[in-house]
Amino acid sequence: MVNEVVFLSSWVSPFSMRIKIALAEKGIKYEYKEENLQDKSPLLLKMNPVYKKVPVLIHNGKPICESLIIVQYIDEVWKETCPLLPSDAYLRAQARFWADFIDKKVFEWG
Ligand code: GS8
């Protein structure tokens with residue numbers, strides 16, 4: 001299977017750190033494209049027409065948006081290497097709770 005991975009991000013984006021860590025843990029090679037959020041690229045507007053935000057992962061030409069959804073996608077597609085969530089369902093629920101808490105209470109502007 002061809003795995004062409006492009007990561008649209010910005011240095012100011014704390015949400016993008018989730019993707020950087022997930023890609024690093026899985027050892028996935030990717031092309032990084034820095035976005036200027038004051039002057040968004042046509043590629044970002046095309047790949048994330050709903051929110052027009054980074055991060056966006058483009059896998060074999062198909063975009064995945066929203067950092068937690070991207071992390072889950074990476075974990076499902078590259079499932080043989082380094083699982084990102086605990087194998088126990090209860091511990092997985094706890095991990096998801098805290099990720100959701102961070103989005104709602106820490107990064108309320110996101
Ligand atoms: C939040 C992404 C976000 O806010 C996620 O991916 O989890 N819920 C989303 N991205 C910001 C940069 S980080 O502050 C962004 O792209 N902002 C551009 C804009 O709002 O126009």
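Counting convention: from 1, in listed order, for ligands and their atoms alike. Heavy atoms only: backbone and side chains are in, while hydrogens, waters and symmetry mates are out. Keep in mind that this is a model prediction, so the values were computed, not measured.
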When you measure from the heavy atoms of Lys40 to every atom of ligand 1, does any distance fall below 4.0 Å? yes

Salt bridge (Lys or Arg N to Asp or Glu O under 4.0 Å) between Lys79 and Asp75, intermediate numbers included: CA-CA 5 Å; Lys79 54 179 175 291; Asp75 207 23; over 6 Å; no

Donor-acceptor contact below 3.5 Å, side chain Lys52 vs main chain Pro49: yes

Would you say the side chains of Glu34 and Ser9 form a donor-acceptor pair under 3.5 Å? no

Output yes when Asp103 and Arg18 qualify as a salt bridge under the 4.0 Å nitrogen-oxygen rule, no when they do not. yes

Backbone or side-chain N or O of Glu66 under 3.5 Å from ligand 1 N or O: yes

So is Pro14 close enough to ligand 1, meaning a heavy atom under 4.0 angstrom away? yes

Would you please determine whether Pro55 falls within less than 4.0 Å of ligand 1 on a heavy-atom basis? yes

Using a 3.5 Å distance criterion without hydrogens, assess whether the side chain of Lys33 forms a donor-acceptor pair with backbone atoms of Val6. no

Counting only nitrogen or oxygen atoms and a 3.5 angstrom limit, does Arg18 reach ligand 1? no

Flag Val54 as yes when one of its N or O atoms lies below 3.5 Å from any N or O atom of ligand 1, and as no otherwise. yes

